[in-house]
Amino acid sequence: MTLVEKTRDARTNCPDQSIATMDQLLQLPAVLAGNPQLFADQASLNRHVGWVHVLENSDPRTYLRGQELVLTTGIGWGPETCFEQYVTELVELDSAGLLLELGTHCPAVPAALIQSCKEHSFPLVALHEPVAFVEITVALHQLLFTSQTRRIEAGGEVTAHFTALMQLGAPAETILRDCARLLNATVVLEDSGYNVLRHASAVPMPADFFEHWQDRSRSLHVTGNAGRQVIPVQIHGRHFGSLIAPDTATHPAGSLHVLTMAGIALGTELLRKQEPASLAFDTACELLDDLMLRKDADSDLLAGKFEASGFPVHHRQLRGFAIPLASCADLRAAARQIERTIGKDLRPVIGARNAPASKLFGFFSAIPGKLPPDWPQTLHLDEVAGYFDGPLYLGAAVNDFGLLADSIRQAIGGCELSLAANQPVVLAEEYPLALLAHELRHEPAMQRLPQQVLAPILALDPARRTECLRVLRAYLASPTNRSQAATRCQLSRSVFYQRLGLLESLLDMDLNDAQSLTILSLGLAVYQQSVAA
């Protein structure tokens, strides 16, 4: 018995998180040769095997340290053996399982042993044919060492990969995408306030994945993050947040090693950017692109992404906006100025586009009833006028997230058309025909429309064509008030009426007919946009 204490210090230990399992043990040829019979439920076969130990008595506490597969012939068991106590001790010692070779000393598996193993969900394997235990030991240890070697090699590959990304200055989305791919899971980067900054997924995500994210994540951080793996993203004393993956995520190098290396790469990228708010701006840009390009077909999942990122959309009044940028304006600086200027009752989500001209766009989010009915006209952007080259364009107010993209498109359309550019705030929804023409401008039938309805005017010499289009434009803007149209055109009423008569003759249309006015308005809008482009 004195050798036991010496062995405790001298024995070779397998890694704590061994890759071999009881399920893999049953697939070894050395075990299959013994005609194994399994007494276990499927869950118990996931127990990790860290070592093999031959134990021929009923006192395991003196000899086991955890994760051992116990091999026995039962030679040390007697009629007084208490199998309930024996199995209980094996379970408490975190043994991997029990393999019993039937033979002279134990011709059948004791019923009490089977009952105790089932009660504790502890795997019991009976071999009906004799097998040299050394063959099982050698085979399993080869598997363990091969797995550990692969783990070391895989760890080196992961380290080299994320080191290369750091050297290349890869953006956060690339780092997260590769991390998700390596773990075959969803990974989330959140800030210190539990808001999602970025995420990437290599598997389908449920629609409620981000539901109540901040509250759930805060609670899990406090209680130990059960069900997920979390590593801090920090470098040079700066804490940027956490990198999170489910506890089911696996990798040959170990999932925590992958997360740690990805976290270091992310920390380096965030430190390089210097400005903490810049990542939130990038997150908004990415989410808005997903919304506008309909990259995410699941509206509930996308709405959850906005909420989890700190951009409220549920039970809110939403309104799309767009505003053209001055030629030398900095995108992020302009976005920050808008956030500081619009007031506390509006929560802006701001992105940017550079084509066909630079602009900020996004939406305002407000609690219903918190804003006055005329709030769009009460916005004061005089303080940030130097950043912008035109008015603030607003889409329709909506209470449904599913309609938000249309509201933003209205605002972007008004911005790209420079509608009512002399006003500080423009409600783009008040120009439905111009927006329709803008949205359908690339359709072949729409492109042909001006050539069909305006052909007689377009065939005139440039000077007469310009004059006729000017008169037509003024008239279509006020078809029920010809005096106002004449004033807008800076012509006397008599001359204006003469020009209208000429237009009716050229176009062979009645300018008092509603259908004719609609076709002419649409054709003129498409023509003006094609000329502007």
Side-chain angles (χ1 to χ4, degrees), residues 162 165-181 186-201 205 209-210 213-214 217 232-235 238-244 262-296 301-313 320-323 325 329-340 342 347-355 358-365 384 387 404-405 408 412:
F162 285 108
L165 291 182
M166 283 188 282
Q167 293 172 338
L168 293 171
E173 52 267 29
T174 299
I175 298 170
L176 278 175
R177 185 193 63 227
D178 287 3
C179 181
R181 177 179 55 80
T186 301
V187 293
V188 175
L189 172 64
E190 67 175 19
D191 63 19
S192 300
Y194 312 106
N195 297 309
V196 174
L197 293 175
R198 279 285 192 282
H199 80 281
S201 185
M205 299 169 63
F209 183 87
F210 292 104
W213 175 272
Q214 290 91 343
S217 187
V233 178
Q234 56 190 21
I235 193 166
R238 295 190 62 182
H239 180 74
F240 296 99
S242 302
L243 186 58
I244 302 168
I264 294 172
L266 285 168
T268 303
E269 167 64 7
L270 297 178
L271 188 66
R272 182 180 66 83
K273 286 191 170 182
Q274 295 297 324
E275 177 56 60
S278 64
L279 192 61
F281 179 77
D282 293 341
T283 300
C285 289
E286 181 180 307
L287 290 174
L288 286 169
D289 281 345
D290 288 350
L291 174 65
M292 301 307 295
L293 299 177
R294 301 188 187 279
K295 292 181 182 177
D296 202 320
L301 178 60
L302 184 56
K305 290 179 184 179
F306 275 99
E307 288 277 346
S309 299
F311 305 133
V313 295
F321 78 87
I323 184 168
L325 283 169
D330 177 80
L331 292 175
R332 288 174 169 78
R336 287 195 296 270
Q337 288 300 324
I338 287 183
E339 291 174 345
R340 294 167 183 166
I342 61 173
R347 176 71 169 90
V349 181
I350 306 174
R353 281 188 177 180
N354 293 315
S358 295
K359 68 179 74 64
L360 294 182
F361 80 101
F363 63 91
F364 295 122
S365 172
V384 295
Y387 288 92
L404 178 57
I408 297 175
I412 291 176

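Predicted, not measured: the structure shown is a model, and the values here were computed from it.
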Checklist entry - Hey, mind stepping through H199 and L176 against side chain to side chain contact (heavy atoms under 4.5 Å, CB included) and telling me if it holds? => result CA-CA 7 Å; H199 80 281; L176 278 175; 5.7 Å; no

Next on the checklist: Nearest 0.5 angstrom please: R353 CZ to L360 CG, how far?
Outcome noted: 12.0 Å

Next on the checklist: Quick check: closest heavy atoms across E269 and A170, and the distance to 0.1 Å?
Outcome noted: OE1-O, 3.5 Å

Next on the checklist: Contact between L287 and V349 at the side-chain level, heavy atoms closer than 4.5 Å - yes or no?
Outcome noted: no

Item to check | CA sep, side-chain torsions, deciding dist, call: L288, I408, side chain to side chain contact (heavy atoms under 4.5 Å, CB included) | outcome: CA-CA 10 Å; L288 286 169; I408 297 175; 4.2 Å; yes

Item to check | Heavy-atom side-chain contact between V188 and F209 under 4.5 Å | outcome: yes

Checklist entry - Which distance, rounded to the nearest 0.5 Å, do you find between the CD of E307 and the CD of Q214? => result 7.5 Å

Checklist entry - In Å and rounded to the nearest 0.5 Å, what is the CG to CH2 distance from N195 to W213? => result 11.0 Å

Checklist entry - Is any side-chain heavy atom of L197 less than 4.5 Å from a side-chain heavy atom of F240? => result no

Checklist entry - Between M205 and F210, does a side chain to side chain contact (heavy atoms under 4.5 Å, CB included) hold up when you go through it step by step? => result CA-CA 9 Å; M205 299 169 63; F210 292 104; 3.3 Å; yes

Checklist entry - Minimum heavy-atom separation for A284 to I350, with atom names? => result CB-O, 3.3 Å

Next on the checklist: Please find the pair of heavy atoms, one from D290 and one from K305, that lie closest to each other, and give the distance.
Outcome noted: OD2-NZ, 4.4 Å

Checklist entry - To the nearest 0.5 Å, how far apart are CD in Q234 and OG in S242? => result 9.0 Å

Checklist entry - Quick one: are V313 and F363 in side-chain contact, heavy atoms under 4.5 Å? => result yes

Checklist entry - Taking all non-hydrogen atoms of both residues, which atom of S217 and which atom of I244 are closest, and how far apart? => result OG-CD1, 4.2 Å

Checklist entry - Short question: side chain of S365, backbone of P312 - any donor-acceptor pair under 3.5 Å? => result yes

Checklist outcome for this item: Minimal heavy-atom distance between G267 and I235, with the atoms involved, is O-CG2, 3.4 Å

Item to check | C179 vs F162 side-chain heavy atoms within contact, under 4.5 Å | outcome: yes

Next on the checklist: So, taking the atom named CZ in R181 and the one named OG in S201, what distance separates them when rounded to the nearest 0.5 Å?
Outcome noted: 13.5 Å

Checklist entry - Given side chains that start at C-beta, do those of L189 and I175 come closer than 4.5 Å, heavy atoms only? => result no

Next on the checklist: Just so I know, are the side chains of R198 and D282 near enough to count as touching, which here means a heavy-atom distance under 4.5 Å?
Outcome noted: yes

Next on the checklist: Using modelled atom types and a 3.5 Å cut-off, is there a donor and acceptor pairing between side-chain atoms of E173 and backbone atoms of A200?
Outcome noted: no

Checklist entry - In Å, rounded to the nearest 0.5 Å, how long is the span from CG of N354 to CG of L331? => result 6.0 Å

Item to check | Intermediate values then yes/no, side chain to side chain contact (heavy atoms under 4.5 Å, CB included), R238 and L270 | outcome: CA-CA 10 Å; R238 295 190 62 182; L270 297 178; over 6 Å; no

Next on the checklist: Is any side-chain heavy atom of R347 closer than 4.5 Å to one of F311?
Outcome noted: yes

Item to check | Heavy-atom closest contact (S192 atom, H239 atom, distance) | outcome: OG-CD2, 3.3 Å

